[in-house]
Engineer: 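Have a look at the structure that comes next, please.
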Protein chains: 2
Amino acid sequence: MPPPASAVRPVVTEAPQGDTKARLLDAVVQIFAEQGFHATSMRAVTQLAGTSVSAANYHFGSKEELLRAALIQRAAPLNGLRLKALASAEAQTSPGPARVKAILEAFIVPLFELRTDPQHQEDSGRALAARLYVDPPELVKKMQQEVFGAVTAEFREALGRAVTGADREQLGLALELSFGVVVHLISGRFVWPDPRVDPSGTKRKKVVDSLVSFATAGLVALVCDEQQNPKKVGIRKK
Amino acid sequence: MPPPASAVRPVVTEAPQGDTKARLLDAVVQIFAEQGFHATSMRAVTQLAGTSVSAANYHFGSKEELLRAALIQRAAPLNGLRLKALASAEAQTSPGPARVKAILEAFIVPLFELRTDPQHQEDSGRALAARLYVDPPELVKKMQQEVFGAVTAEFREALGRAVTGADREQLGLALELSFGVVVHLISGRFVWPDPRVDPSGTKRKKVVDSLVSFATAGLVALVCDEQQNPKKVGIRKK
DNA sequence: GTCTATATGTTGATAGAC
DNA sequence: GTCTATCAACATATAGAC
């Protein structure tokens, strides 16, 4: 929100580059995504943002609220992309439910389409989301539910419509494992193809394709396992 | 069931069961597995062990060395079980290579067979292993390689023998994603069946089975994808 | 070996000048 | 709004008595 254009604004206090609030949000995202909550100190964040600890606490009140504000801001575009992709996937097979692979694609691919300002590390959005799933503090888990819970629920429901007969428990487990594949690829030690070697992004796309294929195959294997739920489970073809 | 050790009791264990060193190793494992490296303080560990910070530093020298000693101690039985299971899987199909599912089973199932003293939290071994894969600090990643690297390499090679034609890159990605499934199930928010409701462990076994099935299906889908590597990849049936 | 006491640095948060 | 200065509480590690 821009500052209210006060009538008696004395001198044009030219903000150097973007205002302090924005720089703080950028900084906390970057450090938290890499190091986790406990290792993210206010000093490191404010130093990276080129300001002081007191300025951060003036704007956000506390370390926790600073992180929360950043998460809410950054989760919005990802949630938007995911819901749009899910709607598109469901529209393609309307009036029937979407295919399983299309649903997982709608969940995964937007993670790799995030592109904010060129000044940002290109993968801050992804690493941030992944960190929310692996960081131990209870408050981080709550924030994860807070910023991703609603959209995750939408995908859960869409998947429930696409698969017939599987009990909710087994389907929930399968979806959870699919999350695991995604989270681990992002937060793990996987080394992405160097953009200088792979300027067109062909290799990157291949990795994302593999990710979707892996999750889909795993999920289908679970909800269709005859031994687990004989003769009652199937994938809706259309 | 003894009260959860997270309660900060001024542990006056009149009869020190086991020596101080052992109690320190137990304590650091428990807290680190739950909270991660940065959130694991020497104070919390030594308090849980019913001793002092100086005693811990006398025995282990530093926080890092205390954790390293604990990891080496705890990783040994898991590594043993895994290698034994892998050898058994390869023996069954000798002289040919083992089947993919048998290899993944040999990697995953031992995680759930760990049972140390009854005094321990039953899943400390699992949670510990998982934490090594998600904790940010560089030194934790090094320790993970230190205690699990050799055995992981064995499984990588066994998998290379079981799958024909897939390039190493794709196979490495597939194996990494399989790790992700396991790690996320253990370190994530998944709620295991209550042992009081599931005393025989039937439900637990079912979950582990699902885990293996998911990973196997995902891996096979990647290394056999015709689009990725047409006509050259196959799974050795025997 | 284990303790108390302490050294030395970092943390999150606040007070108050400007 | 942003800063410097300061706080109490925490961190890891060490010194020395017993």
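Every chain is numbered from 1, with letters handed out A, B, ... down the list of sequences.
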Engineer: Tell me the closest heavy-atom pair linking B/Val134 and B/Ser187, and the distance in Å.
Structural biologist: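 Here B/Val134 and B/Ser187 meet closest at CG1-OG, 4.4 Å.
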
Engineer: What is the distance from atom CD of B/Glu105 to atom CG of B/Asp209, rounded to the nearest 0.5 Å?
Structural biologist: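 It is 7.0 Å, given to the nearest 0.5 Å.
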
Engineer: Could you pull out all residues at least two apart from A/Lys84 that satisfy side chain to side chain contact (heavy atoms under 4.5 Å, CB included)?
Structural biologist: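 A/Lys84 satisfies side chain to side chain contact (heavy atoms under 4.5 Å, CB included) with no residue once adjacent residues are dropped.
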
Engineer: Rounded to whole angstrom units, what separation is found between the CE atom of A/Met42 and the C1' atom of D/dA9?
Structural biologist: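 Whole-Å distance recorded here is 16 Å.
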
Engineer: Contact class for A/Ser54 vs. all strands (heavy atom < 4.0 Å): base, sugar-phosphate, or nothing?
Structural biologist: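 If one applies the 4.0 Å heavy-atom cut-off, A/Ser54 turns out to touch a base.
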
Engineer: Figure out the CD/P separation between B/Gln35 and D/dC10, and round it to whole Å.
Structural biologist: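 It works out to 15 Å between those atoms.
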
Engineer: Of all nucleotides in DNA chain C with an atom under 4.0 Å from a non-hydrogen atom of chain A, which is the first and which the last going 5' to 3'?
Structural biologist: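 Reading along DNA chain C, I get C/dT11 to C/dA15.
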
Engineer: For B/Tyr58 and D/dA15, give me the distance from atom OH to atom C1', rounded to whole Å.
Structural biologist: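 Rounded to whole Å, this separation is 15 Å.
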
Engineer: When rounded to the nearest 0.5 angstrom, what is the spacing between CG in A/Leu185 and CG in B/Leu177?
Structural biologist: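 A/Leu185 atom CG to B/Leu177 atom CG measures 5.5 Å (nearest 0.5 Å).
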
Engineer: Among residues two or more places apart or on two chains, list those pairs meeting salt bridge (charged side-chain N to carboxylate O under 4.0 Å, His left out) that have a residue in residues 142-156 of chain B.
Structural biologist: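 As it turns out, the salt bridge (charged side-chain N to carboxylate O under 4.0 Å, His left out) pairs with a partner in residues 142-156 of chain B, which skip direct neighbours, are B/Arg68-B/Glu146.
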
Engineer: For the NZ atom on A/Lys141, are there more than 12 heavy atoms of other groups (residues, nucleotides or ligands in this structure) within a distance under 6.0 Å?
Structural biologist: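 Check passes, neighbour count above 12.
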
Engineer: Can you list, by residue number, the residues of residues 59-66 of chain B that have a non-hydrogen atom closer than 4.0 angstrom to DNA chain C?
Structural biologist: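 Correct list: B/His59.
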
Engineer: Anything below 3.5 Å on both distances counts as a pair; with that, list the stems of at least three consecutive Watson-Crick or G-U pairs involving DNA chain C.
Structural biologist: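 Only these stems qualify: C:1-7 with D:12-18, C:9-18 with D:1-10.
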
Engineer: Verify the contact: side-chain N or O of B/Arg43 to OP1 or OP2 of D/dA11, cut-off strictly under 4.0 Å; return yes or no.
Structural biologist: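 Checking B/Arg43 against D/dA11: at least one side-chain N or O falls below 4.0 Å of OP1 or OP2.
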
Engineer: Just to be sure I understand the rule, does B/Thr40 reach a base, reach only the sugar-phosphate, or reach nothing, if contact means heavy atoms closer than 4.0 Å?
Structural biologist: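 Answer is sugar-phosphate: B/Thr40 comes under 4.0 Å of backbone atoms only.
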
Engineer: If you only use heavy atoms from C-beta on, which nucleotide in D/dA13, D/dA11, D/dA15 is closest to the side chain of B/Val53?
Structural biologist: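 From the listed options, D/dA13 comes nearest.
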
Engineer: Would you indicate whether the side-chain heavy atoms of A/Leu173 and B/Leu211 approach each other to under 4.5 Å?
Structural biologist: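 Counting from C-beta outward, B/Leu211 and A/Leu173 never come under 4.5 Å.
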
Engineer: Measure the distance from NE2 on A/His38 to P on D/dA9 and round it to the nearest whole Å.
Structural biologist: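 My rounded result for the distance is 18 Å.
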
Engineer: Against A/Phe107, only a single residue in A/Phe112, A/Phe148, A/Phe155 fulfils ring pair (Phe, Tyr, Trp, His ring centres under 6.0 Å); can you say which?
Structural biologist: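 One option only clears the test, and that one is A/Phe155.
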
Engineer: Find the distance A/Asn57:CG to D/dT6:P and express it as a whole number of Å.
Structural biologist: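 In whole Å, D/dT6 P and A/Asn57 CG are 19 Å from each other.
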
Engineer: What are the two closest heavy atoms between B/Arg131 and B/Gly36, and how far apart are they?
Structural biologist: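 Reported closest heavy-atom pair: CD-CA, 3.8 Å.
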
Engineer: Just to be sure I understand the rule, does B/Ser52 reach a base, reach only the sugar-phosphate, or reach nothing, if contact means heavy atoms closer than 4.0 Å?
Structural biologist: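 Base, at least one base atom sits under 4.0 Å.
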
Engineer: Under the criterion salt bridge (Lys or Arg N to Asp or Glu O under 4.0 Å), I'd like the reasoning laid out for A/Lys21 against A/Asp19: C-alpha separation, chi angles, the key distance, then a yes or no.
Structural biologist: CA-CA 6 Å; A/Lys21 257 174 129 166; A/Asp19 60 331; over 6 Å; no

Engineer: Pair up each side-chain donor or acceptor in residues 45-58 of chain A with any protein partner under 3.5 Å, not counting sequence neighbours, and list the distances.
Structural biologist:
unit_1: A/Thr46; atom_1: OG1; unit_2: A/Met42; atom_2: O; d: 2.8
unit_1: A/Thr46; atom_1: OG1; unit_2: A/Arg43; atom_2: O; d: 3.1
unit_1: A/Ser52; atom_1: OG; unit_2: A/Ala55; atom_2: N; d: 3.3

